[in-house]
Engineer: 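Here's a structure for you.
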Amino acid sequence: MRSSERSYLWWQERLAEEFFSSEQEGKPVIFFVNKDEAEHLHSGSPDGVSDLGRTVSAVLSWQSDVFEPVVRRVERWKGTARNDPPPCLPLLAATVLAASEMRRSADARSHNYYKRLAEVLLPLYSSSRSGDHTDLLRNSYLKVADLWQVLDQWLISSSGMRGVSTIRTAQTQQRRRIGYAQSQVLVRSSDLEGLSDFFQKSSAGLSASADPAELLGELRAWSSAKYVFSARLREALRTGQDDDVLGPLLTALAGAAKHPPARVSSRRLALLLAAEEDLIEGLQLRWHAPVLESIPEDVLRYGSTEFTISAPVGACSYTLSGSIPNPGEVLSRGLEAHGVRVSARINPGRHVIAMCEDSVAGGWVETRELALFEPHLLLVDATGERNVRAVAEQAGLSWYTPEEISVEGWLAFPEVTIDDAGVLEQFATAIGLSRAASARPRLVGGFRIRTALSRRCYLIGGEPDVILPPLLDEEQALLDGSPLEGPAGEPIALRGRGLAAGEHQIETSGGGLRFFLEPAVEQRAHAEHPRGPVQHTADTVFLPYGRDSRFIRADGSFIPIHMGQEPAWWSERSTGLQPGGPFEAQVPEEAVWLVTIRPGLPNKVTQLRSTPPAIGRLSPPMKNFWRALVLDEQRNTPHYRLWKKYREAVLTRMPEQGVRDV
Amino acid sequence: MFDPDLAIAWMGREKSRRLANLRRTITWASGATDYAVSAWINMLQPLGIADVNWESGDWSARPFAVTALPGRTNVALLTGSRPLSLLQHPQEGLVVRAHPSHGGQVPLPSTAWLQYSSYAHLQDTARILGAKVAPCAAETLASSLSRVKLGAPVPGPSRTTPLKRFDRRSGSFRSCAHISRPEDGLYEYKLYGRLPRYASRKNGQWHAADKLEGIFLELPLGSFPLRWVPERRSRYSRSADLGQLVVDHRTDLPARYKETAVMCTGLPPVRTKDSYNYDGVPRKIAERIARTLRRRLETE
């Protein structure tokens, strides 16, 4: 069997199992496939099974009637017992994937849809004239609309045993064909619970013949005060731009809601391997699980144990606790874990795991696609190492010895960057990965903040660098609408551009990205401090460096205060600390006065205690010292009287002529 | 282009994260080598800015605080994650000294001091800055230093792991031939080819070891003394308390001891040809460091 056929059959079975198994009996089927879901479905596929887009692309007829090969498969299927879904599921899933890439309602024009479909399907031939793929797909797309109807009829004829059909389209000319795929991305399975509540209370009732406009009006009013729906559905309700598709879809869901088993289908948790560099322990494997909308927590059981996922409001990824699965064991044995609202499955038998840098996870995180110019980390087991080496040699890539990691039997090729589109395609195909549909700009480095809540928020002054993809002739990347110059594939600094706080946008034809800046200077609240560890006490005084200060006892003797120069390191290390500042001195118990002699300025006299004078015999140095003080009356100071008593008592001990005369 | 104070402000915003992330970010911002970035990260703890745990691979920023320097000089050091605005536009009494880099080094964060005239002034200024007033960090750390001792018993390296043994005479690690029963000493080995790990072997048992503490444990008691040089300009006892602690470059101070010495001024040590010189260290703190490291303190 050719590998393309093998891939197609694998995807047909995988999609049938996921969306149209007997477990779906009585439940509305939302055939929702976006990029994450497609990656998740592909994870654990056997070696050689390519991704959804490439798989479908390989069976299409790109030279003529594009979708004819799938139509022929379905025609053959019609001749069977039709126990299984029609063999067009991979193609229909790819059309939904393309619709999911139209992120905003404003993109919902048909031309944009075919452009996204061309990106998903990655046509195998290239053309110098842009737009050929889009035209080709548009011209043949009527057959896809027919295939949606075949799937719808099959679900109806199965009497709900394989799920209740929600396949509807718009009645408008513009979206009659593409509306089937678009209808499947408006509502997520997590919305069904809220919709079920709504239908129960709706006056339009549980009826497949309910009026779409009436349902839409009631739903808008009902949901306006609630926050129960996914972002895409909320946007559709807010803008009204998808009413032509959403109205019929709601009618279908209202009809399906009559059916009892109302168990909400479990959503897939993307439990991704992440790797973090540990300088001592080497590369460490752990888990990264992006948050699913409106599921803040759940407990997942596996084997005889369980682990919890939880995320605070606004967080991007779950925190895992409890018996967290061991990455090494999961790699060898796989994992099947089920919670009330989510489940996770990882198949064993993988040989190559590619990782890319993820700013949310703060390290390397598993990816299903390789991108041009982006560094990747490849984890390989022995088989994977042989494959990777062989492909690398064939593609002419320089290669290094892989490093050991903490998981037995696995090695890591760090920082694999491919800068040639052809080599990337060859390399990705050979190791069972896909390549990114179009190279988009990406950010590297930066002082990133709010890591738990936002993907791209940085401090001003620590703006990241941007790496641009190769641009088309005369195409220019834009930063906030202004041209952004710089070579493709190399970091272009966003620092030093004077970007203001707030949101910024980088745009290229391959896609854009937004990032946010916040000022580094923040207002600080004045904190209250315990007054304890450092206290001013009456036992210490602050004195200026380089002045003559002394304590005076009651007997008139003085205690010199050692008041050396400022520490030498102040000037030797060019600190900028100013000489002339004060230093701290201990007050002796017997000190009554503190005196500082200031040349050219009045003396500074401070009373420390109220002890009366008891002047004894004064030594010559003491007399010399007092000569400068006895004439200082310290008028108009609180200590004038006591100071006068001291001066008079000293004078009785200083009979020298000079002083007496004065 | 690299602004170390912005990096510290960023760390203050992030509070704590993985070391791998910090290394990546500083490498990106500075464009420096891994070695230079590791040296920069290694100084964050001695400078009182963040706690760095290489074992667990985490860092956490310390809260913004002011702590008096020893020596009653009425100078307080700003530690922890200082607000960027304070360093860019210092208010009266605040003195900021930047540390330009030399020869491929990553510039260290600025040192910021507050010169105060009284405790009330210190308290009031700290309140306005939004900082906590902490007791003298150098004295607190010095009193908490304990004598270096053997770590807890650990399994030790596998028999096939290449080992390097610390040579007491040269003060360096030398490869030793693989032997099934290594003799007592301090050993260096690598796991997964990453950063070196250290373990001490004593009486046939392996013990956990920090490299620098292990070296001081291993060195003979009389060797590699520390030196303390009093400030020559000082003529009076207050300032004469202070001096320069000189440590042989082959036996730099272990992390806690280094932080104690650095907190005496807030300045990183000066690297000379043969030594690391720590300024403004009071003699009693120098003695405490020497005694707990089982070294003699030589004075001039």
Side-chain angles (χ1 to χ4, degrees), chain A residues 276-284 362-363 403-406 444-451 459 461-462 464-465 493 495-496 520-522 524-531 533-537 540 542 562-570 572-578 581-585, chain B residues 1 3 6-7 9-10 13-14 17-21 25 28-29 54-55 57 68 71-75 83-85 95-97 113 115 117-120 122-123 126-135 191-195 197 231-240 242 265 267 279-280:
Chain A
E276 191 177 78
E277 195 85 12
D278 185 297
L279 296 165
I280 295 173
E281 300 290 347
L283 207 62
Q284 299 292 298
E403 295 176 4
E404 282 182 50
I405 64 169
S406 54
V444 291
F447 287 142
R448 210 165 70 80
I449 54 174
R450 303 185 188 283
T451 43
L459 276 191
D465 298 339
R495 281 180 287 182
V521 177
E522 56 183 323
R524 297 179 76 91
H526 291 173
E528 287 298 320
H529 308 293
R531 287 183 180 264
V534 182
Q535 275 280 14
H536 172 65
T537 68
T540 59
F542 291 88
H562 298 293
M563 58 184 94
Q565 294 161 308
E566 292 79 10
W569 63 267
W570 284 21
E572 286 171 3
R573 297 290 298 270
S574 306
T575 59
L577 287 165
Q578 295 298 314
F583 72 99
E584 187 186 355
Chain B
M1 198 167 189
D3 179 352
L6 179 69
W10 167 70
R13 286 284 290 269
E14 287 298 283
R17 286 184 72 182
R18 303 286 294 160
L19 263 180
N21 175 279
T25 305
W28 163 80
W54 292 98
E55 287 283 317
R72 300 192 167 187
T73 53
N74 280 25
V75 174
L84 194 61
S85 57
V95 179
V96 180
R97 184 200 191 278
W113 299 279
Q115 281 190 286
S117 55
S118 66
Y119 283 117
L122 173 65
Q123 296 274 12
R127 185 178 51 77
I128 291 165
L129 299 179
K132 179 185 160 199
V133 178
L191 201 62
Y192 308 122
R194 305 293 166 133
L195 280 190
R197 289 181 149 203
E231 290 190 351
R232 294 185 192 285
R233 277 172 42 182
S234 305
R235 289 173 294 147
Y236 305 101
S237 62
R238 289 288 175 212
S239 180
L242 305 180
T265 60
L267 294 169
D279 282 308

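Chain naming here is simple, since letters A, B, ... match the order of the sequence lines and numbering starts at 1 in each.
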Engineer: Provide the closest heavy-atom pair for Ala520(A) versus Leu84(B) in the form atom of the first, atom of the second, distance.
Structural biologist: CB-CD2, 3.7 Å

Engineer: So how far is it from Gln115(B) CD to Leu577(A) CG, rounded to the nearest 0.5 Å?
Structural biologist: 4.5 Å

Engineer: Which atom pair, heavy atoms only, marks the closest approach of Leu459(A) to Ala9(B)?
Structural biologist: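 Answer, listing the atom of Leu459(A) first, then Ala9(B): CD1-C, 4.4 Å.
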
Engineer: Of the non-hydrogen atoms in Leu6(B) and Gly462(A), which two are nearest, and what is the gap between them?
Structural biologist: CD2-N, 3.7 Å

Engineer: Once side-chain contact (heavy atoms from CB on, under 4.5 Å) is applied, do any residues pair with Ala29(B), and if so which ones, sequence neighbours excluded?
Structural biologist: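 Once residues adjacent in sequence are excluded, the partners of Ala29(B) under the side-chain contact (heavy atoms from CB on, under 4.5 Å) criterion are Phe447(A), Arg495(A), Phe2(B).
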
Engineer: Roughly how far, to the nearest 0.5 Å, is the CZ atom of Arg448(A) from the OG1 atom of Thr25(B)?
Structural biologist: 9.0 Å

Engineer: For each of Val95(B), Val75(B), Val96(B), tally heavy-atom pairs with chain A at distances under 4.5 Å, and name the one with the top tally.
Structural biologist: Val95(B)

Engineer: Could you tell me the separation between the CZ atom of Arg18(B) and the CD atom of Gln284(A), rounded to the nearest 0.5 Å?
Structural biologist: 8.0 Å

Engineer: What's the spacing between Trp570(A) CH2 and Asp279(B) CG if we round to 0.5 Å?
Structural biologist: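 Taking CH2 in Trp570(A) and CG in Asp279(B), the distance rounds to 13.5 Å.
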
Engineer: Do Arg573(A) and Thr265(B) have side chains that get closer than 4.5 Å, going by heavy atoms?
Structural biologist: no

Engineer: Taking side chain as everything from C-beta outward and backbone as N, CA, C, O, which of these in Trp113(B) sits under 4.5 Å from a heavy atom of chain A? Side chain, backbone, both or neither.
Structural biologist: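 Side chain only.
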
Engineer: Roughly how far apart are Thr575(A) OG1 and Arg97(B) CZ, rounded to 0.5 Å?
Structural biologist: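 Here the rounded value is 7.5 Å.
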
Engineer: Judged by atom type as modelled, is there a donor-acceptor pair below 3.5 Å linking the side chain of Glu231(B) to the main-chain atoms of Ala568(A)?
Structural biologist: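 The answer is yes, because a donor-acceptor pair under 3.5 Å joins these two groups.
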
